[in-house]
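Here the structure comes first, spelled out in structure tokens, and everything after it is commentary.
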4 protein chains.
Amino acid sequence: MATRDPGRQETGGARAQRADARTNRIRILEAADEVFGKGGESASTEEVARLAAVGIATVFRHFPTKTALLEAVLARRFQRLHEEAEASIASADPATAFFDFFRHLVLDAPAKIAITEALLDAGGGENEDDEVTRASQRLRASVGTLLQRAQRVGSVRSDTALPEVYALLVGASRAAAHVRLDTQARDRMLAIVFDGLTVQRSGTARR
Amino acid sequence: MATRDPGRQETGGARAQRADARTNRIRILEAADEVFGKGGESASTEEVARLAAVGIATVFRHFPTKTALLEAVLARRFQRLHEEAEASIASADPATAFFDFFRHLVLDAPAKIAITEALLDAGGGENEDDEVTRASQRLRASVGTLLQRAQRVGSVRSDTALPEVYALLVGASRAAAHVRLDTQARDRMLAIVFDGLTVQRSGTARR
Amino acid sequence: MATRDPGRQETGGARAQRADARTNRIRILEAADEVFGKGGESASTEEVARLAAVGIATVFRHFPTKTALLEAVLARRFQRLHEEAEASIASADPATAFFDFFRHLVLDAPAKIAITEALLDAGGGENEDDEVTRASQRLRASVGTLLQRAQRVGSVRSDTALPEVYALLVGASRAAAHVRLDTQARDRMLAIVFDGLTVQRSGTARR
Amino acid sequence: MATRDPGRQETGGARAQRADARTNRIRILEAADEVFGKGGESASTEEVARLAAVGIATVFRHFPTKTALLEAVLARRFQRLHEEAEASIASADPATAFFDFFRHLVLDAPAKIAITEALLDAGGGENEDDEVTRASQRLRASVGTLLQRAQRVGSVRSDTALPEVYALLVGASRAAAHVRLDTQARDRMLAIVFDGLTVQRSGTARR
DNA sequence: AATGAATGAGAATTCATTCAT
DNA sequence: AATGAATGAATTCTCATTCAT
């Protein structure tokens with residue numbers, strides 16, 4: 001199904017083939033992202049192959065097990081979020097950067113449910129040394145940077161740390177993804193969290 | 001396979017047959033709660049049977065499909081939370097009732113991951129008329145009552161409504177269940193949310 | 001579910017019970033006749049119990065296996081047809097008796113598909129010595145008598161014998177039961193068979 | 001499990017993969033024909049796989065449901081009979097063609113019980129638009145042609161039509177398949193039917 | 001490197017039959 | 001004698017993974 005034009009191999013055979021393979025790899029990853037995004041991890045690998053328009057064996061050539069494929073999808077998602085966070089860090093003032101990234105994640109969550117599913121399961125103190133974990137930790141580190149900078153300029157209360165902020169980010173995203181919220185309710189939810197992140201003194205009487 | 005332990009009969013022969021069935025039903029539900037709690041809905045019914053120490057057919061006699069079993073488990077969870085919420089309403093002052101129930105849910109979440117999974121997926125505007133939905137809506141209604149009472153006494157800001165509060169409840173629970181948080185981080189997370197729920201004016205400059 | 005009034009046992013305990021049992025036996029047989037008639041032998045025994053309004057265990061008490069139940073149903077059907085055939089023999093002139101019985105079976109077949117199913121499978125040279133076989137052979141014998149008498153008065157050609165006549169009877173019934181035939185076509189089918197049974201010399205040129 | 005006998009490749013390597021699949025498909029169909037022929041539709045798909053010497057999943061790859069497999073078997077049977085009928089039409093004089101085809105079906109029936117089972121259930125006024133129905137109707141149409149031609153040359157009485165003739169064909173076949181008939185009885189049965197089909201005036205006095 | 005066919009290990013579900021009351 | 005619960009074996013179908021081309 002993939003172009004296997006023999007003529008192309010004449011000049012730089014191996015390279016041509018690899019380009020082909022790389023194309024397929026990406027097609028498969030994108031298909032997998034969509035399929036697992038919709039059907040959860042219990043969606044079938046065959047479905048991925050179909051959407052990617054490659055044979056099932058090709059999927060397994062690129063990713064030796066279904067788990068490997070899932071991990072690659074996750075790692076890619078983490079990587080992207082990490083890059084977005086890094087872009088935020090580079091481009092904007094600390095407060096805007098932090099809150100915008102937070103809001104961005106929450107707003108996008110319903111469209112990419114599975115992303116936040118992934119975020120959840122690969123959050124904090126991992127131990128495995130695989131690509132997913134590393135990508136997840138890169139993202140976490142970026143969020144840490146965003147947080148620190150916002151705290152340094154006084155836009156986020158100083159008596160809070162990354163673990164709970166990350167947890168809130170994850171939780172709010174998942175909530176937005178699963179619970180049906182209209183635009184205004186979602187904004188109000190964010191307002192609550194943002195207010196809570198801004199307030200200086202922790203609540204008094206309520207317990 | 002079922003423990004036909006004669007010792008069990010000691011409490012009174014007459015209650016036997018029917019009681020046995022009821023016992024099994026509960027054993028199955030509890031096994032299912034645990035199995036689906038850990039493995040998600042994709043865990044196998046056979047596993048449930050094994051844990052409940054009954055034959056597979058017994059599971060299907062009590063719950064004609066896997067879906068029915070899942071729904072029974074969910075409904076039971078919702079019902080319990082609903083009862084806890086109602087107890088809160090009855091027993092405590094509005095502010096304590098609301099915040100304690102919120103905290104209670106979040107603290108228990110890690111131990112009962114699957115509960116919050118369930119909360120997530122069966123949250124808001126349902127349409128089906130099954131037992132799960134009704135149980136879910138009863139819980140939601142209880143939370144609504146808790147919220148209103150806390151607002152009436154001024155312990156929760158008045159410019160917020162059930163949808164986002166419920167979403168936050170769900171989100172915080174899930175976050176606590178999945179992301180590894182130590183006790184202090186968890187408390188700080190709650191502090192942020194509670195502060196956000198307490199503040200009267202929605203934040204100004206940050207956006 | 002069946003009346004288990006202990007008071008009734010006082011006068012002639014055993015007898016009373018048996019009457020109960022006999023009633024149930026018949027209810028079960030009738031239910032089985034209907035259930036297997038519609039769903040074929042692959043219909044479930046539980047369905048029979050439900051229709052008979054007895055517990056499943058009661059069915060198995062009366063008929064130790066599903067096969068036994070099936071056989072009892074069959075035997076009963078054969079027995080009834082046998083009785084009808086015998087009644088024909090007793091009451092009518094030989095020609096009418098034979099052709100009417102033939103037609104009667106064919107006309108009734110669509111309503112009682114399963115009867116003819118049974119007829120088919122238990123036709124000729126049986127060897128087992130069970131009740132079904134004996135009942136089947138009684139029916140066959142009756143048809144034999146009907147045939148001989150019709151032949152003796154010259155209404156059926158003399159160069160034909162029971163096996164093929166019985167086969168035709170069975171075949172025509174099954175055809176009428178399964179193939180959708182309107183009334184006229186059914187009559188024409190019978191006319192063909194009856195003409196064939198009447199003609200004296202077997203066809204000449206056709207081959 | 002599949003006979004991956006290398007010897008089979010001798011005819012030409014290139015045709016391999018696809019050809020293997022086609023071979024398997026046919027093997028499965030033939031196995032299914034036999035298995036369902038003997039055990040009826042309630043025979044198990046696993047049995048078919050075993051007889052075809054392929055894995056169970058291979059059966060389901062070729063025929064996605066058991067029903068699909070059954071239909072394929074039926075369609076194939078109808079198609080073959082249709083082709084035989086067409087061959088008759090092409091090759092022989094009308095009377096011989098008609099009566100030979102009729103006899104042929106009846107003689108073969110005992111060897112292929114299930115064929116006549118199929119004939120029975122998929123005979124006349126169908127409504128579904130699947131392959132089985134179409135194949136069945138092609139056969140029926142062929143028999144219609146055979147009949148008309150035989151009528152046109154006066155070998156079959158003119159006051160009869162396809163429905164009852166088809167029903168007789170089916171009925172005689174089923175009878176021959178199930179009721180144990182020796183050769184002579186079978187011939188006499190055919191003689192009766194053929195005589196009935198030949199006679200011009202429908203019977204007088206008998207009723 | 002890519003493909004589609006093949007495969008066995010489950011998974012849900014049904015059923016005849018047995019047990020305890 | 002009657003009942004309903006319990007059971008394991010069987011059945012249809014799915015899926016990740018391997019093979020041969």
Side-chain angles (χ1 to χ4, degrees), chain A residues 1-4 9 14 16-18 20-21 24 42-47 49 54-62 64-67 69, chain B residues 1-2 4 9 13-22 24-25 42-47 49 54-62 64-67 69, chain C residues 1-4 9 14 16-18 20-21 24 42-47 49 54-62 64-67 69, chain D residues 1-2 4 6 9 13-22 24-25 42-47 49 54-62 64-67:
Chain A
M1 217 158 243
T3 359
R4 211 172 329 149
Q9 299 199 7
Q17 284 292 96
R18 269 193 203 143
D20 225 46
N24 271 346
S42 72
S44 90
T45 314
E46 197 111 25
E47 177 70 19
V54 301
I56 180 67
T58 303
V59 176
F60 276 90
R61 166 171 289 273
H62 284 282
T65 66
K66 186 187 186 179
T67 300
L69 175 56
Chain B
M1 208 161 252
R4 286 255 192 64
Q9 301 194 6
R15 145 220 206 236
Q17 192 69 122
R18 231 60 182 245
D20 225 51
R22 229 173 296 141
N24 271 345
R25 187 170 215 277
S42 73
S44 93
T45 313
E46 195 116 23
E47 178 69 20
V54 300
I56 179 70
T58 302
V59 176
F60 278 91
R61 160 171 273 270
H62 285 281
T65 63
K66 184 187 186 179
T67 299
L69 175 56
Chain C
M1 215 156 246
T3 358
R4 215 180 318 159
Q9 300 199 6
Q17 283 293 97
R18 271 195 201 138
D20 224 48
N24 271 346
S42 73
S44 90
T45 314
E46 196 111 27
E47 177 70 18
V54 300
I56 179 68
T58 304
V59 175
F60 276 90
R61 167 171 290 273
H62 284 282
T65 65
K66 185 187 187 180
T67 300
L69 175 55
Chain D
M1 208 162 250
R4 281 254 194 67
Q9 301 195 5
R15 144 223 207 235
Q17 191 71 120
R18 230 62 183 241
D20 226 51
R22 229 173 294 142
N24 271 345
R25 185 169 215 278
S42 73
S44 92
T45 313
E46 196 116 23
E47 177 69 21
V54 299
I56 180 70
T58 302
V59 176
F60 279 92
R61 160 171 274 269
H62 284 281
T65 64
K66 186 186 184 178
T67 300

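So that the names make sense, note that chain A is the first sequence line, chain B the second, and so on, each numbered from 1.
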Every protein N/O lying under 3.5 Å from an N/O of nucleotides 11-13 of chain F:
unit_1	atom_1	unit_2	atom_2	d
F:dT12	OP1	D:Lys66	NZ	2.7
F:dT12	OP2	D:Thr45	N	3.1
F:dT12	OP2	D:Thr45	OG1	3.4
F:dC13	OP2	D:Lys66	N	2.7

**Message:** Dot-bracket, 5' to 3', for DNA chain E please: Watson-Crick or G-U pairs under 3.5 Å, [ ] where pairs cross earlier ones, | where the partner sits on another strand, dots elsewhere.
**Reply:** .||||||||||||||||||||
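- Applying the side-chain contact (heavy atoms from CB on, under 4.5 Å) test to D:Arg61 and every residue at least two apart in sequence or in another chain returns A:Glu46.
- Along DNA chain E, the nucleotide nearest to B:Ala57 and the one nearest to D:Val59 differ in position, and the one closer to the 5' end is contacted by D:Val59.
- Under 4.0 angstrom from either OP1 or OP2 of E:dA5 there lies no side-chain N or O belonging to D:Asn24.
- In the set E:dG4, F:dA1, E:dC15, E:dG4 carries the atom at the smallest distance from any side-chain atom of D:Arg61.
- Spacing between atom CZ of B:Arg22 and atom P of E:dA20 amounts to 20 Å, rounded to whole angstrom units.
- Note: D:His62 NE2 to D:Asn24 CG = 5.0 Å, rounded to the nearest 0.5 Å.
- Scanning both residues, C:Ala49 and C:Ile56, for their nearest heavy atoms gives CB-CA, 3.9 Å.
- Residues passing the side-chain contact (heavy atoms from CB on, under 4.5 Å) test with B:Ser42: none are found, sequence neighbours excluded.
- Taking atom NE2 of C:His62 as the reference point, atom P of F:dA1 lies 8 Å away to the nearest angstrom.
- Atom CD of D:Glu47 and atom P of F:dA10 are 13 Å apart (whole Å).
- Distance from the side chain of C:Thr58 is smallest to F:dT3 among E:dG8, E:dA2, F:dT3.
- Nearest heavy-atom pair, D:Thr45 versus D:Phe60, reported as atom, atom and distance to 0.1 Å: CG2-CE1, 3.7 Å.
- Summarising the geometry, the separation between CZ on D:Arg25 and C1' on E:dA5 is reported as 14 Å, rounded to the nearest angstrom.
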